[in-house]
Amino acid sequence: MALLGSQNSCALLASFLSLLVLVVSLQCHIASSAVLSGMKQDHDHVTHQKPLLQTNQSTCSLFVGAWVLDETETYPLYHSSSCPIIDPEFNCQMYGRPDSGYLRYRWKPLNCELPRFNGVEFLLKMKGKTVMFVGDSLGRNQWQSLICMLSAAAPRTHTKLVTGDPLSVFRFLDYGVSISFYRAPYLVEVGAVHGNRILKLEKVDGNGDAWRNADVLSFNTGHWWTHQGSLKGWDYVELRGKFYPDMDRLAALEMGMKTWANWVDTNIDRSKTRVFFQSISPTHYNPTEWNVGGTTVMATKNCYGETAPIRSTTYPGAYPEQMRVVDMVVREMRNPAYLLDITMLSALRKDGHPSVYSGELSPQKRPNPNRADCSHWCLPGLPDTWNELFSTALFH
């Protein structure tokens, strides 16, 4: 009788466990379906989410702080006149920017000091190695900044520049150091089919061949995913073998980022290569974002005329919703890239853009504030701080 009771108890327990597994499986299936069908709805509600704390920081919160005016002779770290590699669209001083105060601000983390950049030390520690920036024109902005910083620190070293598309390489020959830029605005592949540009959300393919052998990789993306009309970089999006003229842009960014992350996890030997991802670089086209509660009438609709940073540790405007996607994808990597989170500190620099002082504008168009570039950054300028942070993360 005891044995029979034990058997009945086991049978009841087995039935209960089977029912529990069935319920959990059903809930998972429903949840997965909800995630797929509600992807766009989820993206529509991320604007008000607070930025997540970074897991790659210890006692020093490098990316939380304020901009302080530096009264020493430290900044700028170089002069545009002595760095011929700067593209006209970033060369604000050459193209008539009348103020220079924006060059004298230093980033001060809340609970530590940012180490002073040492270009010679950088070259010595990277001797015989390659640093490669991969991404869009913001990556190019940073690439040129680092070259200028290193050139100013070692002005007599022999150098060589080879430009191309998608790959450009600047070599410091005496140190055997290569600083490269690989243009890949989406990180995933853009191909051509019957004369149409196809954004392939599930393929890295040929792009990745050039990335495999770098000793340090720094990726960025973001701006090109939002372009509309004639600025849109594709004719069709390819997803799971089907072609679409367009789709929810945050969903597309997420799929492209996951393809990139999977490629990095699968193809990059992390014992040999350091991998960074630079967060979304903000724009300043809407002055109501930083004039919250202001009573003055604004004469322009962008960053034109801004000459000083926001005096705060947080940006009063909306946090870029693309950052939720970037943060999530990087965290979910098997071996997460180091997230160089420059978004908030850059958002405070409404004064750092080329505005109308860009070689992209003719002298006739330059007086028109409506044509201001509030996406890229002046050199010297904010990208120099990105590289100070990059160097700190790399060596300290």
Side-chain angles (χ1 to χ4, degrees), residues 49-78 100-119 121-122 138 141-142 145-146 149 218 220 222 276-284 289-293 303 306-324 326-327 330-331 336-353 374-396:
Q49 292 186 5
K50 294 181 179 179
L52 300 173
L53 294 176
Q54 297 307 314
T55 58
N56 54 16
Q57 299 175 41
S58 53
T59 57
C60 179
S61 299
L62 281 178
F63 310 114
V64 180
W67 290 96
V68 297
L69 188 63
D70 193 294
E71 302 292 351
T72 70
E73 298 297 320
T74 303
Y75 295 94
L77 296 173
Y78 57 91
S100 60
Y102 70 98
L103 298 172
R104 305 300 299 276
Y105 285 92
R106 171 175 58 86
W107 177 245
K108 172 66 175 69
L110 280 181
N111 55 354
C112 60
E113 289 290 337
L114 186 62
R116 182 170 179 173
F117 181 80
N118 187 322
E121 181 184 68
F122 188 104
L138 279 307
N141 221 172
Q142 186 179 6
S145 162
L146 183 58
M149 293 165 70
S218 178
N220 90 288
F276 293 79
F277 194 95
Q278 177 141 303
S279 67
I280 304 298
S281 176
T283 63
H284 291 91
E289 290 188 354
W290 60 86
N291 284 292
V292 176
C303 63
E306 297 291 344
T307 59
I310 295 170
R311 302 300 182 112
S312 175
T313 58
T314 58
Y315 185 65
Y319 194 74
E321 52 189 7
Q322 289 179 323
M323 269 308 297
R324 186 195 68 82
V326 169
D327 194 280
V330 170
R331 283 171 179 269
Y338 184 105
L339 183 59
L340 202 72
D341 192 359
I342 53 84
T343 301
M344 184 61 72
L345 65 91
S346 301
L348 301 176
R349 292 307 304 269
K350 57 185 172 59
D351 60 317
H353 298 286
C374 302
S375 296
H376 299 107
W377 305 92
C378 294
L379 293 182
L382 176 66
D384 305 333
T385 297
W386 296 352
N387 282 319
E388 288 180 294
L389 291 162
F390 176 56
S391 176
T392 298
L394 194 58
F395 302 129
H396 296 274

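By the 4.5 Å heavy-atom criterion applied to side chains, Phe390 and Gln278 are not counted as neighbours. With contacts defined as side-chain heavy-atom distances shorter than 4.5 Å, the pair Met149/Glu388 qualifies. The side-chain heavy atoms of Asp341 and Met323, taken from C-beta on, include a pair separated by under 4.5 Å. The side-chain heavy atoms of Leu382 and Leu345, taken from C-beta on, include a pair separated by under 4.5 Å. Residues Asp70 and Tyr105 form no side-chain contact, since every pair of their non-hydrogen atoms from C-beta on lies 4.5 Å or further apart.
Leu110 CG to Lys108 NZ: the interatomic distance, rounded to the nearest 0.5 Å, is 7.0 Å. Of the inter-residue distances, the one linking Phe63 atom CZ with Ser61 atom OG reads 9.5 Å to the nearest 0.5 angstrom. The distance from atom CG of Leu114 to atom CH2 of Trp107, rounded to the nearest 0.5 Å, is 10.0 Å. Summarising the geometry, atom CG belonging to Leu138 is positioned 10.0 Å from atom OG1 belonging to Thr283; distances are rounded to the nearest 0.5 Å. Interatomic distance, CD1 of Ile342 versus CD of Gln142, reported as 8.0 Å (0.5 Å rounding). Taking OH of Tyr319 as the reference point, atom CZ of Arg324 lies at 12.5 Å (rounded to 0.5 Å).
Across Asn387 and Ser145, no two heavy atoms sit closer than the pair ND2-OG, 3.0 Å. The two residues Gly381 and Leu103 make their nearest non-hydrogen contact at N-CD2, 4.4 Å. For the residue pair Cys303 and Lys350, the shortest heavy atom distance occurs at CB-O, 3.7 Å. Of all heavy-atom pairs between Asp327 and Leu339, the closest is OD2-CD2, 3.8 Å. Nearest heavy-atom pair across Val330 and Ala337 is CG1-O, 3.5 Å. Arg104 approaches Thr72 most closely through the heavy-atom pair NH2-O, 2.5 Å.
Checked by atom type, the side-chain pair Trp386/Ser346 shows a donor-acceptor distance below 3.5 Å. Residues Thr307 and Asp351 bring no donor and acceptor atom of their side chains to less than 3.5 Å of each other. Between the side chains of His284 and His353, at least one donor N or O lies within less than 3.5 Å of an accepting N or O.
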Practice item. Show your working on side-chain contact (heavy atoms from CB on, under 4.5 Å) between Ile280 and Asn220 and close with a plain yes or no. Key: CA-CA 8 Å; Ile280 304 298; Asn220 90 288; over 6 Å; no
Review point. Would Val326 and Phe277 count as a side-chain contact (heavy atoms from CB on, under 4.5 Å) if you check the C-alpha gap in whole Å, the side-chain angles of each, and the deciding distance to 0.1 Å?
Key: CA-CA 9 Å; Val326 169; Phe277 194 95; 3.7 Å; yes
Review point. Between Leu394 and Phe122, does a side-chain contact (heavy atoms from CB on, under 4.5 Å) hold up when you go through it step by step?
Key: CA-CA 9 Å; Leu394 194 58; Phe122 188 104; 4.1 Å; yes
Practice item. Kindly indicate, with the supporting measurements, whether the criterion side-chain contact (heavy atoms from CB on, under 4.5 Å) is fulfilled by Ile310 and Tyr315. Key: CA-CA 8 Å; Ile310 295 170; Tyr315 185 65; 3.5 Å; yes
Practice item. Verify side chain to side chain donor-acceptor pair (under 3.5 Å) between Ser279 and Thr343, making sure each step is shown before the conclusion. Key: CA-CA 6 Å; Ser279 67; Thr343 301; 2.8 Å; yes
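Between the side chain of Arg349 and the main chain of Ala308, no donor-acceptor pair closer than 3.5 Å is present.
For the pair Arg311 and Trp67, the NZ or CZ position fails the cation-pi test of under 6.0 Å to the six-membered ring centre and within 45 degrees of the ring normal.
Taking the charged nitrogens against the carboxylate oxygens, Arg106 and Glu71 have no contact shorter than 4.0 Å, which rules out a salt bridge.
Considering Tyr78, Tyr75, Trp377 in turn, Tyr78 is the only one that fulfils the side chain to side chain donor-acceptor pair (under 3.5 Å) rule with Asp384.
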